[in-house]
Number of protein chains: 2
Amino acid sequence: MASDQTRTAILAAAERLYADRGFGDVTLRDIVAEANVNLAAVNYHFGSKDELIAELFVTRSIQLNRERLRLLQAAEEAGDGRASIDAVLRALVGPTLRGCLGPENQRSTAARFMIRVSIESVPPIRRIRNREIDHLRKFIAAMRRSLPGHSDVELYWGLHFALAMAQQTVRDSERLTKLSEGKCDVDDVEGIIERVVSVAAMALTVGDARSKLPPRVLARDAR
Amino acid sequence: MASDQTRTAILAAAERLYADRGFGDVTLRDIVAEANVNLAAVNYHFGSKDELIAELFVTRSIQLNRERLRLLQAAEEAGDGRASIDAVLRALVGPTLRGCLGPENQRSTAARFMIRVSIESVPPIRRIRNREIDHLRKFIAAMRRSLPGHSDVELYWGLHFALAMAQQTVRDSERLTKLSEGKCDVDDVEGIIERVVSVAAMALTVGDARSKLPPRVLARDAR
DNA sequence: TTGCATTTCAAACATTTGTATGAAACTATC
DNA sequence: GATAGTTTCATACAAATGTTTGAAATGCAA
């Protein structure tokens with residue numbers, strides 16, 4: 001056991017620096033300076049720089065997934081095992097948006113770190129990302145319970161689009177603010193969640209309508 | 001003037017390598033080896049590595065924007081100055097999706113390069129990205145013409161979501177394929193375009209309905 | 001205290017990186 | 001064909017980076 005205060009100091013310092021300055025230009029020396037520990041400590045406690053980053057990301061991912069599942073379970077229990085599609089989607093995108101949007105000076109280090117992750121992915125993180133699929137399947141299952149009769153394909157697309165909208169909003173909230181000259185309020189987190197949820201929910205219903213149309217009337221455009 | 005065949009050889013080699021292996025682990029030495037030129041050639045012709053990357057990105061961005069505007073103009077001319085919202089959105093997301101999706105072995109180097117850009121952004125590229133806003137404003141204007149009476153805020157969100165869905169599909173098509181066990185066909189490019197367009201178009205109409213509701217009935221959820 | 005394991009530390013290592021240099025090769029103009 | 005401008009080349013430079021090392025310090029149990 002012993003004092004793993006060095007370990008946690010490194011983790012905290014690294015997360016702070018990565019959150020503020022990105023993965024690109026934070027070196028081990030920056031981290032150990034911030035943490036007031038010796039350069040060799042990182043390799044001693046984590047093995048390598050990549051493993052440090054990975055541990056940081058895994059920790060935060062687990063927290064996010066746990067929060068998502070907590071909301072999902074709560075919603076399903078409240079609905080006797082079947083939550084509304086809105087509630088399922090809210091459980092999916094809510095935690096991300098709640099954590100990573102809102103007034104900038106109120107965002108936790110953890111949130112700012114996860115924003116960085118979504119902006120500039122780095123090899124050790126990308127390797128881990130693949131495990132996310134099992135987690136998402138639980139939401140597909142919940143969506144299936146929520147919308148029985150819907151084709152799976154539509155559920156997958158709906159989930160994909162919901163995540164897309166949430167992710168992009170987190171990633172590029174600055175651009176949206178600039179483009180809209182402030183008219184889109186990215187600090188109104190709950191409003192944004194509802195917006196994403198309602199569009200995604202609608203995508204699910206639209207999808208099925210679409211798939212019943214003959215394909216010809218869909219495609220084709222001035223080219 | 002003279003022979004800028006060295007220049008173009010470097011550009012081609014760099015784009016190929018970045019497309020295949022990402023920005024992270026492609027060095028100048030890799031590039032010059034691939035291009036069969038001398039190491040110093042990059043600095044001689046481009047000034048620095050970052051300027052090489054920037055030129056690559058600017059070139060491809062201009063091409064993309066030009067294609068988007070071409071489709072937009074065509075659609076507006078066909079509609080006597082006012083295109084359908086679907087056509088506007090198609091012009092926005094079509095080129096990206098058409099270029100970056102479809103059977104992997106048929107994707108051009110340029111397309112694969114742009115996919116990389118969207119996955120792992122790098123400082124010189126991020127700096128340029130900001131200029132994209134003026135380009136997007138043209139689409140906002142077209143959307144305004146297409147849907148007079150819509151509030152601007154809704155248009156901004158609609159465009160934002162449309163790009164989000166397109167980008168995420170490009171960026172994470174692999175995950176979607178895995179998640180859906182192949183049931184979502186990411187090679188059906190035109191189908192995906194229509195899907196994104198119809199969801200985004202619907203988001204625009206939904207948004208206005210939403211904004212007329214009293215805010216209280218919207219938010220709030222099991223927490 | 002003694003002894004053993006864990007942890008810290010300063011220093012060095014070994015690469016890798018982008019960039020600069022200065023001479024050589026080439027090209028085109030007069 | 002000499003000259004001036006451009007381009008290529010081998011090589012060196014300088015800085016940064018993650019990692020390793022081996023000794024010193026510390027903690028802890030017997």
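Here is the naming used below: chain letters follow the sequence lines, and residue numbers restart at 1 for every chain.
Atom CG of A:D25 and atom C1' of C:dT17 are 15 Å apart (whole Å). A:H45 places its NE2 atom 6 Å from the P atom of C:dT7, with the value rounded to the nearest Å. Distance, A:L28 CG to D:dA16 C1': 12 Å, rounded to whole Å. The distance from atom CG of B:D4 to atom P of D:dT7 is 9 Å, rounded to the nearest whole Å. Distance A:I10 CD1 to C:dC9 P: 10 Å, rounded to the nearest Å. At whole-Å resolution of the value, CG in B:N43 and C1' in C:dT17 are 12 Å apart. What separates OH of A:Y44 from C1' of D:dA24 is a distance of 14 Å, to the nearest Å. Rounded to a whole Å, the CD atom of B:Q5 is 13 Å from the C1' atom of C:dT27.
A side-chain N or O of A:R126 and one of A:S121 form a donor-acceptor pair less than 3.5 Å apart. Using a 3.5 Å distance cut-off with no hydrogens or angles, the side chains of B:Q63 and B:R60 do pair a donor with an acceptor.
At the heavy-atom level, B:A40 lies under 4.0 Å from base atoms of the strands shown.
Nearest-nucleotide assignment on DNA chain D puts the 5′-proximal partner with A:T27, out of A:N38 and A:T27. Annotation: of the two residues near DNA chain C, B:D50 and A:R29, the 5′-most nearest-nucleotide partner is A:R29. Toward the 5' end of DNA chain C, the nearer of the two residues A:N36 and A:L39, judged by each one's closest nucleotide, is A:N36.
Salt bridge absent: A:E15 and A:R116 never bring a charged side-chain N and a carboxylate O closer than 4.0 Å.
Distances shorter than 4.0 Å separate some side-chain N or O of A:T6 from OP1 or OP2 on C:dT8.
Ring geometry for A:W157 against A:F161 counts as tilted: the plane angle lies between 30° and 60°, on a 0 to 90° scale.
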